[in-house]
2 protein chains.
Amino acid sequence: MTSTEQAEPAPRRRRGRPGHDQSAILRAAVELFNRRGYDATSMGDLAKELGLTKPAIYHHVTGKEQLLGQALDDALDELTSVVTEASREQPGTGAYQRLREVVRRSVEVLIAHQPSVTLLLRVRGNSEIELAALERRRWLDDRLAALVADAVAEGALRDDVPPALVSRLLFGMVNSLVEWYRPDGAYDQAMVADAITSIAFDGLARHEP
Amino acid sequence: MTSTEQAEPAPRRRRGRPGHDQSAILRAAVELFNRRGYDATSMGDLAKELGLTKPAIYHHVTGKEQLLGQALDDALDELTSVVTEASREQPGTGAYQRLREVVRRSVEVLIAHQPSVTLLLRVRGNSEIELAALERRRWLDDRLAALVADAVAEGALRDDVPPALVSRLLFGMVNSLVEWYRPDGAYDQAMVADAITSIAFDGLARHEP
């Protein structure tokens, strides 16, 4: 810096502490909700976790419902985008191919948005926000079951298990990864996506060539 | 009733209300823990749910930790029995066959003990009791991963996915059923067990004969 340059003037008043903006509060809230349970977590707990006063947090967010809603929207928006894309009929791409693709992309979303998806999967419907999230989940489940049914109808999938049950179990396996996946663990995202698609579509048993 | 028969005398003092014995309290507690979260549930909530006073409940149990411990033991004792049996080498029965059997029997346990298994699967390790339950779960996970490894070693399972990851995903699919299975729903226990073993071992894709 030359002597003629001016350092940026420090702002007179800062809103909240630096680094504790809304997205940092949201991250901490989701982590706390997942660790202790949403209902058991108060804004006071969150303030304590962040080393802030409650008024400092309320400066950024209206309450824990807002944080829950934002986290659930984060997860649901991503999953909706993946499922909507997969549900769209594409020339030259059958339902089976789109189903494999939606499994792979769901794994990507679950790993990239693990905290908010974890929260979503634990929602029980105890409030308006949770009920709205469950409604959006049901929409996703219905689209996925329809895609499975299409893949059965085109003759690519076994037809001895009801499509709705296939969909439950297939995405039950996918969703289970939020419970144990660790980004710094032994398996990267591609490895998990490959394992799930291999097991689900081709099975664990070694098939004779 | 003839005139010489005597009606049973009413007991002078009854301990708690009839029908609200310890096992009924435990059932209600587990249902409430699953619905609202263990940490968010107080003995006062449980008393309210049962229409009893808190002292009436404390007459039967020492506190919510005892109820949690009993529920977790219920789930863990059943699962331990299934896994121990499957881990035992049996003449003429390979690891692959024992793995298929442990999947089937796990489904039976999850359905027969759905409330306590649901609670077990949500345990986060917030107390000594929960940490002990997680320790027992880890033992089960290790035994199951070893069984998968044995089935790979005998050449019956695909070897391109690490056994520990196979085990996570396979039992992730099994465990997912506690989230949606309803005893009065469209699928009975045998149907779910068949679907899971078919999908997991033989895959969803229709194999050319």
Visitor: Chain B heavy atoms under 4.5 Å from Arg36(A): which part of the residue, side chain, backbone, both or neither?
Guide: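 For Arg36(A), the backbone is the part near chain B, not the side chain.
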
Visitor: Does Phe201(B) reach the side chain of Ile199(A), with side-chain heavy atoms less than 4.5 Å apart?
Guide: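 Answer no - side chains too far apart.
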
Visitor: Measuring heavy-atom distances to chain B, does Tyr96(A) have an atom under 4.5 Å in its side chain, in its backbone, in both, or in neither?
Guide: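 For Tyr96(A), the side chain is the part near chain B, not the backbone.
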
Visitor: What distance do Met173(A) atom CE and Ile196(B) atom CD1 have between them, rounded to the nearest 0.5 Å?
Guide: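 Answer for the CE-CD1 pair, Met173(A) versus Ile196(B), is 10.5 Å.
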
Visitor: Any idea which of Leu157(B), Thr41(B), Asp39(B) has the most non-hydrogen atom pairs under 4.5 angstrom with chain A?
Guide: Leu157(B)

Visitor: Given a strict heavy-atom distance threshold of 4.5 Å, which part of Ala156(B) is in contact with chain A: side chain, backbone, both, or neither?
Guide: backbone

Visitor: For Arg124(A), is it the side chain, the backbone, both or neither that has a heavy atom under 4.5 Å from a heavy atom of chain B?
Guide: side chain

Visitor: Check each of Leu169(B), Asp202(B), Thr197(B), Val166(B) against Leu204(A) using the side-chain contact (heavy atoms from CB on, under 4.5 Å) test, and report the only one that passes.
Guide: Val166(B)

Visitor: Tell me which of these, Gly172(A), Ala151(A), Ala186(A), has more heavy-atom pairs under 4.5 Å with chain B than the rest.
Guide: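 So the answer, after comparing Gly172(A), Ala151(A), Ala186(A), is Gly172(A).
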
Visitor: Among the options Ala200(A), Ala195(A), Ala40(A), pick out the one with the most heavy-atom pairs lying under 4.5 Å from chain B.
Guide: Ala200(A)

Visitor: Do side-chain atoms of Arg158(B) reach the backbone of Gly203(A) as a donor and acceptor pair under 3.5 angstrom?
Guide: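 Here the side-chain-to-backbone pair exists.
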
Visitor: Does some side-chain heavy atom of Pro162(B) sit less than 4.5 Å from a side-chain heavy atom of Tyr187(A)?
Guide: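 Result yes, sub-4.5 Å side-chain heavy-atom pair found.
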
Visitor: Is it the side chain or the backbone of Asp194(A) that comes within 4.5 Å of chain B heavy atoms, both, or neither?
Guide: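 Neither the backbone nor the side chain of Asp194(A) comes within 4.5 Å of chain B.
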
Visitor: Determine whether Arg137(B) and Glu179(A) satisfy the following criterion, salt bridge (Lys or Arg N to Asp or Glu O under 4.0 Å), listing intermediate values before the conclusion.
Guide: CA-CA 13 Å; Arg137(B) 271 194 69 182; Glu179(A) 297 297 332; over 6 Å; no

Visitor: Taking atom CG of Asp160(B) and atom CE of Met191(A), what is their separation to the nearest 0.5 Å?
Guide: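 Rounded to the nearest 0.5 Å, the CG-CE separation comes to 10.0 Å.
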
Visitor: Looking at Asn34(B), Leu165(B), Val192(B), Val161(B), which one has more heavy-atom pairs under 4.5 Å with chain A than the rest?
Guide: Leu165(B)

Visitor: Shorter than 4.5 Å, heavy atoms on both sides: which option in Gly155(B), Gly125(B), Gly37(B), Ala164(B) has the most such pairs with chain A?
Guide: Gly155(B)

